[in-house]
Structures are given as structure tokens and as C-alpha cells.
*Asks:* 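Here it is, the structure, as C-alpha cells.
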Amino acid sequence: MRHKLALFIFLLLPAASHADDGNAEAGASAFKSRCMACHAMDKNKIGPHLSGVYGRKAGAVEDYKYSDALAASGIVWDDKKLDEWLAGPQKMVPGQKMNISVPDAKTRADIIAHLKTQK
Ligand code: HEC
């Protein structure tokens, strides 16, 4: 009985960790499965390249054609803004053109931690 309880607590731990404590390694793998269809670090695809996106102004990759909405948003990509964007781009910037979201907060934190490592 006791080891079952221990296992239960162990399973709860990841969900209890703070949203800002993203795991870059887990984020790299989530990025691969959820983002790489449209994004690369070194070149534009369906979406703009994302190297150096952390701390950058939204809509700033010069040879990428952004939606007017995102280009005019004035957003600077920090933890909070990236989290809001990934949770619901259309809610944050109506008229933008990235049609996916990441509902799970821990996965968003992991992906953001990964983006920070991509200078
Ligand atoms: C279906 C294609 C698609 C997928 C999948 C996708 N994106 Fe995007 N992303 C876009 C497009 C298109 C834009 C440009 C949006 C605009 O101009 O309104 C964009 C823009 C962005 C921007 C803003 C970049 C800038 O230069 O301002 C960030 C950050 C971003 N995506 C992160 C992600 C992450 C992280 C994932 C994975 C969870 C992801 N995207 C998955 C298509 C996609």
C-alpha cells in the first residue's frame, strides 16, 4: 500500500512544478513534434525562423511575410508573451495566421525553455 502512495505522489510532481521552470530538453522534443512542420531555426518555412526569437520583437524577421496583425502587435517575446501566444495565438492577436495552440502549460514552459537556448 505504501509504495502505491509513493508512486501516486511521484506522478503528481511534474504537474506541480512551476510553469516558468521549463525543461529545455523536453521542450526540444515537443518542438520537433509540434512546431517543426512550420518552423526551423535557420530558415523560414510556413512560419518565420525562430532562432533568437526570445527577446525579439514580434514580426521582425525581414524576409518573412507576417500577417498585418502580428506585424503591428508591438509584442516583445518574453516568457509571458510566448506563453500567451502558444496558449491561444488568435485570442492574443486576432487576425494572426498561426493556426495551432499548445493547451498544456507545462509543455508550453518546456518549449519556451528550448526557444531560449536557440540564439
Ligand atoms: C501550422 C503551422 C505552424 C505551426 C505548427 C507552428 N507555427 Fe508558429 N507560426 C506560424 C505562422 C504562419 C506564423 C506567423 C504568424 C503571423 O504572421 O500572423 C508563426 C509565428 C510564430 C511566432 C512569432 C514569430 C515572430 O517572429 O514574431 C512564434 C514565437 C511561433 N510561431 C512559435 C511557434 C511554436 C513554439 C510552435 C510549436 C508549438 C509553433 N509556432 C507551431 C505557423 C506555425
Side-chain angles (χ1 to χ4, degrees):
M1 181 61 205
R2 192 185 301 170
H3 66 276
K4 272 198 186 147
L5 185 63
L7 179 66
F8 180 65
I9 290 168
F10 176 74
L11 289 174
L12 279 181
L13 278 178
S17 73
H18 193 267
D20 288 344
D21 297 337
N23 177 317
E25 225 165 89
S29 118
F31 186 86
K32 224 182 237 175
S33 59
R34 293 173 179 247
C35 316
M36 268 175 62
C38 299
H39 290 286
M41 288 302 163
D42 55 347
K43 61 171 199 268
N44 298 332
K45 291 167 72 179
I46 292 168
H49 82 74
L50 292 180
S51 72
V53 74
Y54 189 86
R56 187 163 86 194
K57 217 170 150 244
V61 173
E62 279 188 4
D63 51 354
Y64 180 79
K65 179 97 185 72
Y66 291 91
S67 64
D68 293 343
L70 188 62
S73 68
I75 293 166
V76 176
W77 295 121
D78 60 11
D79 291 73
K80 205 162 158 275
K81 297 293 183 189
L82 282 168
D83 187 64
E84 193 181 341
W85 172 255
L86 294 178
Q90 185 60 21
K91 190 160 168 234
M92 184 185 192
V93 183
Q96 59 75 42
K97 58 174 186 171
M98 176 168 130
N99 296 319
I100 69 120
S101 64
V102 180
D104 179 62
K106 173 69 172 122
T107 307
R108 290 197 302 274
D110 291 346
I111 291 173
I112 293 165
H114 169 65
L115 289 178
K116 279 186 199 174
T117 68
Q118 304 297 309
K119 307 281 182 217

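Along the sequence shown, residues carry numbers from 1. Fair warning: this is a prediction, and the values are worked out from it, not measured in the lab.
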*Asks:* Return yes if some donor-acceptor pair links the side-chain N/O of His39 with the main-chain N/O of Lys45 below 3.5 Å, else return no.
*Replies:* no
*Asks:* Which atom names give the shortest non-hydrogen contact between Ala87 and Ser101, and what distance separates them?
*Replies:*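 For Ala87 and Ser101, the tightest heavy-atom pair comes out as O-CB, 3.5 Å.
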*Asks:* Taking the side chain as C-beta and beyond, is there a heavy-atom pair between Lys57 and Trp77 under 4.5 Å?
*Replies:* no
*Asks:* Applying the 4.5 Å side-chain criterion to the ILVMFWY set and letting contacts propagate, would Tyr54 and Val76 be lumped into a single cluster?
*Replies:*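 In one cluster: no.
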*Asks:* Drop me the distance from Met41's CE to Leu50's CG, to the nearest 0.5 angstrom.
*Replies:*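 Result: 5.5 Å between the selected atoms.
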*Asks:* Counting C-beta onward and ignoring hydrogens, is there a side-chain heavy-atom pair between Ile111 and His114 closer than 4.5 Å?
*Replies:*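 Heavy-atom side-chain distance check fails, nothing below 4.5 Å.
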*Asks:* Compare every heavy atom of Ala58 with every heavy atom of Ser73, then report the nearest pair and how far apart it is.
*Replies:* OG-CB, 3.7 Å
*Asks:* So, using side chain to side chain donor-acceptor pair (under 3.5 Å) as the criterion, who are the partners of Thr107 when residues are at least two apart?
*Replies:*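 Checked Thr107 against side chain to side chain donor-acceptor pair (under 3.5 Å); matches are Asp104.
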*Asks:* What's the separation between atom CD in Gln96 and atom CD in Gln90, rounded to the nearest 0.5 Å?
*Replies:* 5.0 Å
*Asks:* Where the side chain of Lys97 meets the backbone of Leu70, is there a donor-acceptor pair that is under 3.5 Å apart?
*Replies:*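 No, Lys97 side chain to Leu70 backbone: no donor-acceptor pair under 3.5 Å.
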*Asks:* Which residues pass the side chain to side chain contact (heavy atoms under 4.5 Å, CB included) test with Glu25, sequence neighbours left out?
*Replies:*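 Listed in chain order: Asn23.
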*Asks:* Can a donor-acceptor pair be found, under 3.5 Å and without considering hydrogens, that links the side chain of Arg56 to the backbone of Ser51?
*Replies:* yes
*Asks:* Can you see which heavy atom on Asp78 is nearest to which on Lys81, and at what distance?
*Replies:*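 For Asp78 and Lys81, the tightest heavy-atom pair comes out as OD1-N, 2.8 Å.
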*Asks:* State, to 0.1 Å, how close Tyr64 and Ile46 come at their nearest heavy-atom pair, and which atoms those are.
*Replies:* OH-O, 2.6 Å
*Asks:* Quick one: pull up CG in Leu115 and OG1 in Thr117 and give me the separation to the nearest 0.5 Å.
*Replies:* 7.5 Å
*Asks:* Can you measure from NZ (Lys43) to NE2 (His49) and round to the nearest 0.5 angstrom?
*Replies:* 12.0 Å
*Asks:* With distance as the sole test, does Tyr66 use its side chain to make a donor-acceptor pair with the main-chain N or O of Val61 at under 3.5 Å?
*Replies:* yes
*Asks:* Would you check, one step at a time, whether the test side chain to side chain contact (heavy atoms under 4.5 Å, CB included) holds for Glu84 with Ile75?
*Replies:* CA-CA 11 Å; Glu84 193 181 341; Ile75 293 166; over 6 Å; no
*Asks:* Going by heavy atoms in the side chains, are Leu86 and Met98 under 4.5 Å from each other?
*Replies:* yes
*Asks:* Is there side-chain contact between Asp110 and Phe31, with heavy atoms separated by less than 4.5 Å?
*Replies:*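 Not in contact.
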